[in-house]
Amino acid sequence: MAYLELIQIEKHYDSFHALKSIDLQVEKEQFVVFVGPSGCGKSTLLRSISGLETVTSGRIVLDGRDITSMHPSKRNVAMVFQNYALFPHLNVFDNIAFGLQLQGLAKADIRRRVERAATLLHLETMLDRKPKQLSGGQRQRVAIGRCIVKQPKLFLFDEPLSNLDAKLRVRMRVELLNIHYETRNTAVYVTHDQVEAMTMADKIVVLQDGRIEQVGSPLDLYERPVNKFVAGFIGSPQMNFLEGRGSRANGGGISFVADGLGMLKLPLFAEGLKTDQALTVGIRPEHLELEPRSQASQVKAVVNIVENLGGETYLHAEVAPEIPLIMVKLHASHGPSRGERVVLHFPADKIYLFDAEGAAIPAKLLN
Ligand SMILES: Nc1ncnc2c1ncn2[C@@H]1O[C@H](COP(=O)(O)OP(=O)(O)OP(=O)(O)O)[C@@H](O)[C@H]1O
Ligand SMILES: [Mg+2]
């Protein structure tokens, strides 16, 4: 049995169905990240695990104990929120120690645990300060410290870094990972941030509309998305999609036709493909190439917008007015300029195919 098991979780808020048949297993010491669009149910699921929400049906089992109907304080989980909710009148030490003092732990024990957490979080020199004398990142560390000292079975984080500026977010991300490795805790972490999800997670859970779309390692989801939604959600900038119709071509391969594009020959074999079926071709911006190579399909385009980020350059290329701009990510500080004509090469091994319902169609390279 897994360390944390969510079994057929359903949640209704009156007539609104917020969580739908959620099944999930989290192993001990895993760092699991929930991602998905706003309103998809990430916080609801996290709050259900913590006990701040009651589920309509289903079971939550933590370390072999059914905690589904247990009071939040008895579950042995700790939650860190986006707004850290520190007590303004208490200093850092007392803010961190608060839960332990409530539990009635011995003073010496409390001091030992708080000092250990403070060292881990680089707060040793700030124990006497009040929250208003701390930066945003330091306040967030105090909130995390308050959880660490409780030695919970499970850490729950709901967008803990989203109130911090970009630079601090990067630093705290690394610190959180360090704490995770040092304390070997099990964590469920909600974020909007692609980079946080990809870099922190052992396992990412992609949610949409109250349902789990896919669960897997960051690379699994990046390389083998099960559907168009996950393909578009994981990866930044997002995958390009061309909508059209596909058929098996004479002599092998797939002929793909779309308004404005004409016919594109794909050197791929897809077993399930019917004749003239609705088909979406997906390709990631980082996989498009401007130089020809074998086993690639070609599309002519005109560069419309150039975004230069220093080490990399994003091109927005127009194939035809009726086709959304295609994004190309170049690992270079220079590239074609606005108005320039380019040929986009779609390496066959990097092409994704999706059917009318958005499900991924497995395809093999023609040899
Ligand atoms: N107490 C409530 N009563 C009714 N509906 C609610 C309640 N709480 C949340 N919802 C609805 O449930 C859905 C999921 O909300 P939730 O807060 O879990 O989304 P989320 O994925 O965390 O979104 P965000 O990324 O914006 O934080 C939303 O449509 C929301 O409006
Ligand atoms: Mg939320």
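Computation of the quantities below employed the complete heavy-atom set of this structure, encompassing side-chain atoms and omitting hydrogens, waters and symmetry-equivalent molecules.
- Comment: R141 engages E175 in a salt bridge, judged by a side-chain N to carboxylate O separation of less than 4.0 angstrom.
- Annotation: side chain of I283 is not in contact with side chain of I326 (no heavy-atom distance under 4.5 Å).
- By the 6.0 Å and 45° rule, K11 stacks over the aromatic ring of Y13.
- Cation-pi contact between K265 and F256: absent, since separation from the ring centre below 6.0 Å together with deviation from the ring axis within 45° is not met.
- The salt bridge (Lys or Arg N to Asp or Glu O under 4.0 Å) search around R341 returns none, not counting sequence neighbours.
- D209 has a carboxylate O that lies under 4.0 Å from a charged side-chain N of K20, or vice versa, which qualifies the two as a salt bridge.
- Inspection of the D23 and Q8 side chains reveals an N or O donor paired with an N or O acceptor under 3.5 Å.
- Inspection of the N227 and Q214 side chains reveals no N or O donor paired with an N or O acceptor under 3.5 Å.
- Interatomic distance, CZ of F233 versus CG of L221, reported as 11.0 Å (0.5 Å rounding).
- For residues 188-202, every residue pair satisfying the salt bridge (charged side-chain N to carboxylate O under 4.0 Å, His left out) rule, not counting sequence neighbours, is listed here: R169-D193.
- Under the side-chain hydrogen bond (donor to acceptor under 3.5 Å, both in side chains) criterion, R211 pairs with no residue at all, not counting sequence neighbours.
- Taking the ring centre of Y222 as origin, the terminal cationic atom of R284 falls inside the region bounded by 6.0 Å and 45° from the ring axis.
- In this structure, a donor-acceptor pair under 3.5 Å is present between the side chains of T280 and E243.
- At a threshold of 4.5 Å between non-hydrogen side-chain atoms, the residues H345 and E291 do not count as touching.
- Residues Q138 and H122 have side chains that never bring a donor and an acceptor to within less than 3.5 angstrom of each other.
- The cluster map of Ile, Leu, Val, Met, Phe, Trp and Tyr, joined by side-chain heavy atoms under 4.5 Å apart, puts I144 and M79 in different clusters.
- Here the closest non-hydrogen pair linking S48 and L19 is OG-CD1, 4.1 Å.
- Separation of the F98 and F87 ring centroids falls under the 6.0 Å cut-off.
- Side chains of D158 and S43: a donor-acceptor N/O pair is present below 3.5 angstrom, by distance only.
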